[in-house]
Peer 1: 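Take this structure first; my questions come after.
So you know, we letter chains A, B, ... as the sequences are listed, proteins then strands, and number each from 1. In this text the structure is predicted, and so the values were computed from the model without any measurement.
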Amino acid sequence: QNPQQIAEETSRRRELRLMKNREAAKECRRKKKEYIKCLENRVAVLENQNKALIDELKSLKELYCQKND
Amino acid sequence: QNPQQIAEETSRRRELRLMKNREAAKECRRKKKEYIKCLENRVAVLENQNKALIDELKSLKELYCQKND
Amino acid sequence: MANPRKFSEKIALHNQKQAEETAAFEQVMREVMGATRNAQPQYLHLSPTLGSYRGGSLPNVNQIGNNSIDLQSALTN
Amino acid sequence: MANPRKFSEKIALHNQKQAEETAAFEQVMREVMGATRNAQPQYLHLSPTLGSYRGGSLPNVNQIGNNSIDLQSALTN
DNA sequence: AGGGGCTGACGTCAGCCGTG
DNA sequence: CACGGCTGACGTCAGCCCCT
């Protein structure tokens with residue numbers, strides 16, 4: 001084959017691969033950012049649940065000790 | 001001054017700035033990775049505490065209901 | 001299997017766990033609330049528990065702003 | 001101020017909150033355990049609470065492996 | 001006001017692992 | 001086994017914000 005066309009084909013394949021990997025990297029960064037937000041949100045939710053559970057446990061403990069009098 | 005030395009000085013400053021930013025980027029990536037690990041670990045700890053609190057709350061509730069009989 | 005490589009699977013796993021934990025949490029809270037309602041009916045300050053911050057089926061992390069302001073307001077309430 | 005830019009400050013804030021919450025958690029657990037010990041002294045299965053997984057002062061995230069195997073084992077225990 | 005420290009975002013390379 | 005999708009890590013640019 002014509003070496004000119006061979007080099008052109010190689011360059012085009014490389015360019016197409018770079019293009020795909022470029023968009024893949026964008027999506028990957030987006031997903032990673034979303035994952036971090038997911039973790040932070042989950043931490044906040046668990047914090048609220050922990051506080052509520054502790055408060056409820058304290059109240060129930062007071063009621064239980066009050067019953068023993 | 002000698003324009004040759006001026007260009008050389010400019011290039012040297014740019015190279016030094018790039019070097020600093022390079023190492024800064026390394027440290028930043030490391031800190032970000034550590035932050036993600038911190039979040040995941042925190043989520044796991046909060047999960048354990050949540051489960052323990054729920055179990056303790058269930059047990060205490062059973063004891064409380066048993067007292068009312 | 002426990003730690004997938006893809007971020008989508010990690011998010012899916014966390015959402016699943018969060019849904020299960022929230023369900024168990026709300027159930028226990030309702031049980032305790034129902035068991036102690038006869039003891040102190042006047043002290044029923046039914047402040048919303050803020051376990052899950054919104055009505056969505058799953059947290060839907062896409063609709064979260066900069067630093068989760070809604071959650072911040074939930075913490076201060 | 002609530003959401004710092006530097007990762008170090010974020011980690012510091014999370015460690016601080018975790019330390020406070022763990023302290024409050026252990027205190028409440030000890031209180032309830034002490035209040036119910038007279039009722040059921042024979043059912044005292046004193047399984048370690050596993051709230052904080054190690055003896056370090058603060059979680060020290062640097063010494064955590066791939067997917068926090070110690071925590072995984074803590075969950076299964 | 002301007003310089004420098006950190007970080008967000010980009011593109012590229014290297015590598016893992018599921019899928020054909 | 002080769003191939004392609006995702007991700008880890010790198011270097012660079014742009015930008016913010018603290019500090020002097």
Peer 1: Grab the NZ-C1' distance between K31(B) and dG8(F) for me, whole Å please.
Peer 2: 19 Å
Peer 1: So does E9(D) have more than 12 non-hydrogen atoms from other groups sitting under 6.0 Å from CD?
Peer 2: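 Above 12, so yes.
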Peer 1: Tell me, which pairs form a salt bridge (Lys or Arg N to Asp or Glu O under 4.0 Å) where one or both residues lie in residues 12-22 of chain A, sequence neighbours left out?
Peer 2: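 As it turns out, the salt bridge (Lys or Arg N to Asp or Glu O under 4.0 Å) pairs with a partner in residues 12-22 of chain A, which skip direct neighbours, are E9(A)-R12(A).
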Peer 1: How many angstroms lie between atom OG of S59(B) and atom CD1 of I54(B), to the nearest 0.5 angstrom?
Peer 2: 12.0 Å
Peer 1: Return the CD to CD distance between E23(B) and E27(B), rounded to the nearest 0.5 Å.
Peer 2: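 These two atoms lie 9.5 Å from each other.
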Peer 1: Ring centroids only, cut at 6.0 angstrom: are F7(C) and Y35(A) within range, meaning strictly under it?
Peer 2: yes
Peer 1: In whole angstrom, give the distance that lies between atom CZ of R29(B) and atom P of dA9(E).
Peer 2: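 Distance, rounded to whole Å: 15 Å.
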Peer 1: Got a list of protein N/O to nucleotides 16-20 of chain E N/O distances below 3.5 Å?
Peer 2:
none

Peer 1: Just to be sure I understand the geometry, which residues of residues 16-23 of chain A put a non-hydrogen atom under 4.0 Å away from DNA chain E?
Peer 2: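 Within residues 16-23 of chain A, the residues near DNA chain E are L18(A), N21(A), R22(A).
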Peer 1: How close do P4(D) and K10(D) get, counting heavy atoms only, and between which atoms?
Peer 2: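 That closest heavy-atom pairing would be O-CE, 3.0 Å.
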Peer 1: Just to verify, what does E21(D) make a side-chain hydrogen bond (donor to acceptor under 3.5 Å, both in side chains) with, not counting sequence neighbours?
Peer 2: R42(B)
Peer 1: When the nearest nucleotide of DNA chain F is assigned to K6(C) and to R14(B) on a heavy-atom basis, which residue is associated with the more 5' position?
Peer 2: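 Per heavy-atom nearest nucleotide, the more 5' residue is K6(C).
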Peer 1: Considering all heavy atoms of both residues, which atom of L13(D) and which atom of A2(D) are nearest to each other, and what is their separation?
Peer 2: CD1-O, 3.9 Å
Peer 1: Please classify the nucleic acid contact of K26(A) as base, sugar-phosphate, or nothing, using heavy-atom distances under 4.0 Å.
Peer 2: sugar-phosphate
Peer 1: Nearest 0.5 Å, what's the CD1-CD1 distance between I36(B) and I11(D)?
Peer 2: 10.0 Å
Peer 1: NA contact type, K33(A), heavy-atom cut-off 4.0 Å: base, sugar-phosphate, or nothing?
Peer 2: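 If one applies the 4.0 Å heavy-atom cut-off, K33(A) turns out to touch the sugar-phosphate alone, with no base involved.
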Peer 1: List in chain and number order the residues that pass side-chain hydrogen bond (donor to acceptor under 3.5 Å, both in side chains) with E31(C), two or more places apart in sequence or in another chain; answer none if no residue qualifies.
Peer 2: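 side-chain hydrogen bond (donor to acceptor under 3.5 Å, both in side chains) list for E31(C), sorted by chain: K61(B), Q27(C).
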Peer 1: Working to the nearest 0.5 angstrom, can you tell me the gap between E40(B) CD and L39(A) CG?
Peer 2: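 So the CD of E40(B) and the CG of L39(A) are separated by 5.5 Å.
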Peer 1: What does the inter-axis angle of the helix from dA1(E)-dT20(F) to dG20(E)-dC1(F) come out as, five pairs per end, nearest 10 degrees?
Peer 2: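 The angle, to the nearest 10 degrees, is 0°.
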